[in-house]
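Everything on this sheet refers to the single structure shown next.
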Amino acid sequence: RRPTLAVVGATGAVGTVMLDILSTREDVWGEIRLVASPRSAGKRLTVRGEEVEVQALAPEVFDGVDVAMFDVPDEVSKQWAPVAVERGAVAVDNSGAYRMDPDVPLVVPEVNADQTRNRPRGIISNPNCTTLSMIVAMGALHRAYGLASLVVASYQAASGSGQEGIDTLHDQIEKAATDRTLGSRAGDVRAAVGEQGPFPAPLALNVVPWAGSLKEDGYASEELKVRNESRKILGMPDLPVAATCVRVPVVTTHSLVVHASFETEVSADRAREVLASAPGVVVQDDPARGEFPTPADVVGTDPTWVGRIRRSLDDPASLELFMCGDNLRKGAALNTAQIAEVVAEEFAGS
Ligand code: 2RA
């Protein structure tokens, strides 16, 4: 039978992308229920070409639901994912609430789909979008060469901070556009753009070496997520991972520079072949022709795009790479949908 799906957070930035994805991917679902906060209840949204009324989040909304996707803040998932499970659903949670819970698998279908069934709490977690923007490519290289360590710098889009982040960037760009002398004197951009919204410094005409909240030893939460989630997904609890996360004036699509060291010697050509044949990865790597991924070209697409593939000049067992991934699609909604589809297969034939 076709399982019943609930989309919790259907009206948010990720939820909106989720409805597009559910409407364009192969349809494996029976009824699709749209759920949001009481203030959004009653709205009518279109999914699979049909208008569906948004229901207010309440325990009974999960009655008869087989899979419940959560695209909501951590505290909402913390409270409601167990309720969905109690009512018989498998919860696929895109928040950070359960990602590091040892009884909750952290799944990227192209890397560790086999973990999907290992869900003692009935909850499966979707990784953070920054991790998701690189881990499909890194999983493929790990299988080929055996990963030994990672050094990562991210260049993260404003939409990682939701609609507020998008609006803040656009507002700042509009203000900055009026004065072509900006960026020539210390503090001139800061003075011109004013409102910083969710960012700790001006984003237009700037880069901000911070994403998330302050954690131990001066690290930002995003940097610890990249490190800890990569370790969990790859099943490598001691993998050395050094991450620095930077916010850049891009609307949507995260980029990352990766220095990856392996157990064996590598070649750029072989790495290109491995990546080109990996599900969910596209190689765009011909700098002589100006061919490499950029966020403005990758946004709205599903794959991880990889370019600038080079063997390290000082270490034959290391690679330098640049990659981009749409943080709202594969970084959130698409991977959540892919996990839900893996669960849906369990209902086939039932
Ligand atoms: C960010 N990865 O970009 C985080 C959450 N989406 O802000």
Side-chain angles (χ1 to χ4, degrees), residues 8-9 11-18 21 69-78 92-100 106-108 125-138 150 152-170 172 196-204 206-215 219-233 241 243-258 295 298-300 304 323-337 339:
V8 183
T11 57
V14 173
T16 303
V17 174
M18 180 63 79
I21 283 171
M69 292 178 181
F70 285 78
D71 283 317
V72 292
D74 291 13
E75 62 278 4
V76 177
S77 285
K78 197 83 180 160
V92 184
D93 179 23
N94 181 36
S95 85
Y98 295 99
R99 285 181 186 142
M100 300 320 291
L106 187 62
V107 175
V108 183
S125 277
N126 191 63
N128 180 39
C129 53
T130 314
T131 307
L132 274 166
S133 298
M134 71 157 192
I135 200 69
V136 174
M138 297 322 300
L150 277 177
V152 174
S154 73
Y155 304 86
Q156 297 181 218
S159 63
S161 292
Q163 192 59 47
E164 184 190 8
I166 298 170
D167 294 342
T168 299
L169 176 58
H170 280 300
Q172 291 185 1
Q196 291 177 184
F199 309 117
L203 190 56
N206 204 17
V207 294
V208 181
W210 191 262
S213 56
L214 178 62
K215 295 296 181 183
Y219 281 88
S221 56
E222 281 292 287
E223 291 152 355
L224 299 182
K225 287 178 183 178
V226 168
R227 176 175 180 268
N228 297 331
E229 292 176 19
S230 297
R231 289 176 156 191
K232 184 169 179 180
I233 295 159
V241 180
T244 299
C245 294
V246 180
R247 193 73 70 184
V248 294
V250 167
V251 176
T252 291
T253 292
H254 289 346
S255 304
L256 298 101
V257 164
V258 177
V298 166
V299 62
T304 303
M323 53 191 77
C324 295
D326 183 317
N327 54 291
L328 297 182
R329 290 186 77 85
K330 180 60 180 177
L334 173 63
N335 198 70
T336 301
I339 295 170

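Model, not experiment: these values are computed from the prediction. As the structure lists them, so they are numbered: ligands from 1, and atoms in each ligand from 1.
The distance from ligand 1 to the heavy atoms of Cys129 drops below 4.0 Å at these ligand atoms: 2 (N), 3 (O), 4 (C), 5 (C), 6 (N). The ligand atoms of ligand 1 that sit less than 4.0 angstrom from a heavy atom of Gln156 are 1 (C), 2 (N), 3 (O). Atoms of ligand 1 found under 4.0 Å from any heavy atom of Glu222, numbered from 1 in the order shown, are 1 (C), 2 (N), 4 (C). Per-residue contacts place Asn128 under 4.0 angstrom from the following atoms of ligand 1 (heavy atoms of the residue considered): 2 (N), 4 (C), 5 (C). For ligand 1, the atoms sitting less than 4.0 Å from at least one non-hydrogen atom of Thr130 are 2 (N), numbered in the order shown with element in parentheses.
The two atoms that bring Leu203 and Val208 nearest to each other are CD1-CG2, 4.0 Å, heavy atoms only.
Interatomic distance, CZ of Arg329 versus SG of Cys129, reported as 14.5 Å (0.5 Å rounding). Annotation: the span from Asp71 atom CG to Thr336 atom OG1 amounts to 5.5 Å, rounded to 0.5 Å. Taking OG1 of Thr131 as the reference point, atom CZ of Arg231 lies at 13.0 Å (rounded to 0.5 Å). Within the model, atoms CD1 of Ile135 and NZ of Lys232 stand 13.0 Å from one another, a figure rounded to the nearest 0.5 Å.
Residue contacts with ligand 1 include Arg247, since one or more of its heavy atoms lies under 4.0 Å from the ligand. Taking 4.0 Å as the cut-off, Ala211 does not count as a neighbour of ligand 1 on heavy-atom distance.
Between the side chain of Ser154 and the main chain of Gln156, no donor-acceptor pair closer than 3.5 Å is present.
For Asn128 and Glu222, the side-chain atoms include at least one donor-acceptor pair closer than 3.5 Å.
Among protein heavy atoms, the minimum distance from atom 6 (N) of ligand 1 is reached at Gly160 O, 3.0 Å.
Contacts between His254 and ligand 1, counted as non-hydrogen atom pairs separated by less than 4.0 Å, involve the side chain only.
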